[in-house]
Each structure stands twice: as structure tokens, then as C-alpha cells.
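Right, one structure below, let's go through it.
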Amino acid sequence: MEILQAKAARSFEAAAPRARGWGISREQLIGRLGETVSRSGLGNGLAALTEYVGASHYLLARHDLSQDGGLDFVICSDWPFDVVRRLSRIVVGLNAKTSELDKCLAALQPCFHPMPDDIDLPRGISRSYCILALNVGRSRLSFMLLFPEDVILSQDGLRDIGVLASYLASVKADVAVRQEREFELTEREIECLFWIAEGKTSDEIAVILGISRNTINNYITSVMRKTATRTRSEAIAHAVRHNLV
């Protein structure tokens, strides 16, 4: 009887989802992150976070870059290329459905989404993926994870690695370098944003600045692209949150 009970227990353990997978220890994680900060690339640090929580693949993306199409929004990833190639539309779609307030509230809150049926995943990988929204300066990032079918990712563990992923992204120069260049708002764009916040229309701003209405609209469109917002109201909320106006 004891032998049968032992076999049943082992069978149950084999069939039950793992709470944290095969992850590394906290001490190993801290050691690898320290090495990443001092001399390794961002990928090594993200891989350590991924392994720690029991996931299998990581992808770090910038939402403001996803508006332009292509794969430039991917900062660092070991996802299968065919999956990443399809991801641009998914990232844009999720971002378009989320209000500015919801984006703020979603920071560091794990969210799970189903993978489209027409995407082929490696064998044994769950058809759900996890997204952790991060903020690094004025940039909104997503740390996205694939994980095995038999692993249940810990909510607390995910929030922990979300904080650490933000830290890694902030200290690695290659993540934020472009933010101070082509993705920084120009003085004219900030002027337009200021007058929008004051309740002025495009026609009124055109008169105030002495330029055409079409030019004003072009500036406003550029602002919304750079801030990854959909409406003028969301652009104002983004500006207020980042002390731009």
C-alpha cells in the first residue's frame, strides 16, 4: 500500500503545474544581475529574470516605437523570430485599446493574453503569454514572457522581476539612448501640446503661433506618435504625468 501511495504521489507531482518552474535561486539571480550591470549585455540580465520566475523566453519592447511598424520596437529578445514578426500588430493593437489612465495603473501588474491561433510556438510552450508594463523615464516598455505549459508563474515573482527589469533597462545605455534624440519632443511640439492643454483648437493655435492649421495638426500627430497616445486628451495626460506642460 505504501508503495502504491508513493507512486500515486509521484504521478500527481509530475502532472501538477509547477509553481515556479526550474528557476534559479535568489542568490544566483542577484549574482547574475550584478554581472550584467557591470559588464554583460542586457540580454543576460533579462535571461536571468526569465529563468528565475520559471519562464522560457523573454522580449523587451518599446511601445512608442511600435507605432512605426517593423521590428524596431524590439529592444532585446530570444523569442522565436516568426513569433516576433507577428508581434508588432499585437503590441500596437493592445496599446490602442488602453487609455492613458489604464496604462498608468497597469505598471508592474502581470497580464496574460492568448496567443493568436495562427502562430506556431515551440513544443511545450503555453499558448498564453505574460506582459509586464514598465516605465523607464518617459518611455513605456513591456517585458513579455513565454513559459512552459506546465508552469504557473507566480504573481509576486512577476512583479519582482518587473521592478528589476525596469532597473536593468534604466542602467543599460543602449535602451534609452534614442530617447534623447529622435523621440524627444521638439520645442514646437511642446508649444502645441501646451496650447492643447489650455483648451485651444488647431485653428486657434495656428493663429497664436503664426503657422498653418495643417502644420499644427502635423505637430500634434507627431506628439501622439512619440508618446504612444491615441487622442489629444491622452497626450495631455501624458504631458502632465511627465511634467512637459
Side-chain angles (χ1 to χ4, degrees), residues 59-76 87-111 113 131-144 162-163 165-167 169-245:
L59 187 150
L60 188 65
R62 267 186 66 169
H63 286 286
D64 53 354
L65 301 187
S66 69
Q67 307 290 318
D68 298 329
L71 297 178
D72 288 341
F73 73 100
V74 177
I75 296 172
C76 191
L87 197 64
S88 179
R89 284 185 295 169
I90 296 174
V91 172
V92 172
L94 290 174
N95 195 56
K97 295 176 183 177
T98 308
S99 69
E100 188 69 17
L101 176 60
D102 289 337
K103 291 172 185 174
C104 296
L105 296 176
L108 300 180
Q109 296 300 316
C111 186
H113 294 277
I131 296 181
L132 278 162
L134 320 171
N135 289 317
V136 176
R138 296 176 184 174
S139 295
R140 181 176 288 110
L141 310 181
S142 283
F143 188 33
M144 308 174 70
V163 173
S166 297
Y167 169 71
S170 67
V171 299
K172 303 305 288 186
D174 56 341
V175 173
V177 66
R178 286 187 289 179
Q179 182 178 319
E180 300 303 325
R181 297 178 183 176
E182 67 264 32
F183 294 98
E184 188 74 21
L185 296 182
T186 66
E187 290 185 10
R188 186 63 90 182
E189 288 168 346
I190 293 176
E191 277 186 301
C192 292
L193 196 52
F194 169 80
W195 288 115
I196 293 172
E198 292 293 311
K200 303 298 183 182
T201 66
S202 293
D203 289 327
E204 291 171 330
I205 299 174
V207 172
I208 293 170
L209 299 182
I211 53 182
S212 72
R213 180 179 182 276
N214 286 341
T215 302
I216 295 297
N217 287 335
N218 288 337
Y219 281 132
I220 295 171
T221 298
S222 178
V223 167
M224 290 191 289
R225 179 184 63 81
K226 290 180 179 180
T227 57
T229 54
R230 296 172 298 167
T231 66
R232 295 188 180 200
S233 296
E234 288 190 4
I236 293 170
H238 179 95
V240 171
R241 183 157 59 94
H242 294 292
N243 298 316
L244 297 177
V245 296

Query raised in the report: Given the rule in the side-chain contact (heavy atoms from CB on, under 4.5 Å) test, do L185 and L193 qualify, once you have shown the distances and angles that lead to the verdict?
Result: CA-CA 10 Å; L185 296 182; L193 196 52; 4.1 Å; yes
Query raised in the report: Would you say the side-chain atoms of S202 and R232 include a donor-acceptor pair closer than 3.5 Å?
Result: yes
Is there a side-chain contact between [X] and [Y] (heavy atoms, below 4.5 Å)?
X	Y	value
L209	W195	yes
C111	H113	yes
I211	I216	yes

With rounding to the nearest 0.5 Å, note down the distance linking [atom1] in [X] to [atom2] in [Y].
X	Y	atom1	atom2	answer
L141	L59	CG	CG	11.0 Å
I208	F194	CD1	CZ	9.0 Å
N135	S166	CG	OG	7.5 Å
T201	I196	OG1	CD1	10.0 Å
F143	L134	CZ	CG	8.0 Å

Query raised in the report: According to the salt bridge (Lys or Arg N to Asp or Glu O under 4.0 Å) rule, which pairs have a member within residues 196-213, sequence neighbours left out?
Result: D203-R213
Locate the shortest heavy-atom distance separating [X] from [Y]; write the atom from each residue and the value.
X	Y	value
A206	S212	CB-C, 3.9 Å
A169	V136	CB-CG2, 3.8 Å
C192	I220	CB-CG1, 4.4 Å

Report task. Among V223, N217, T215, find the residue that satisfies the side chain to side chain contact (heavy atoms under 4.5 Å, CB included) test when tested with Y219. Result -> T215
Query raised in the report: Step by step, would you call E187 with I190 a side-chain contact (heavy atoms from CB on, under 4.5 Å)?
Result: CA-CA 5 Å; E187 290 185 10; I190 293 176; 5.8 Å; no
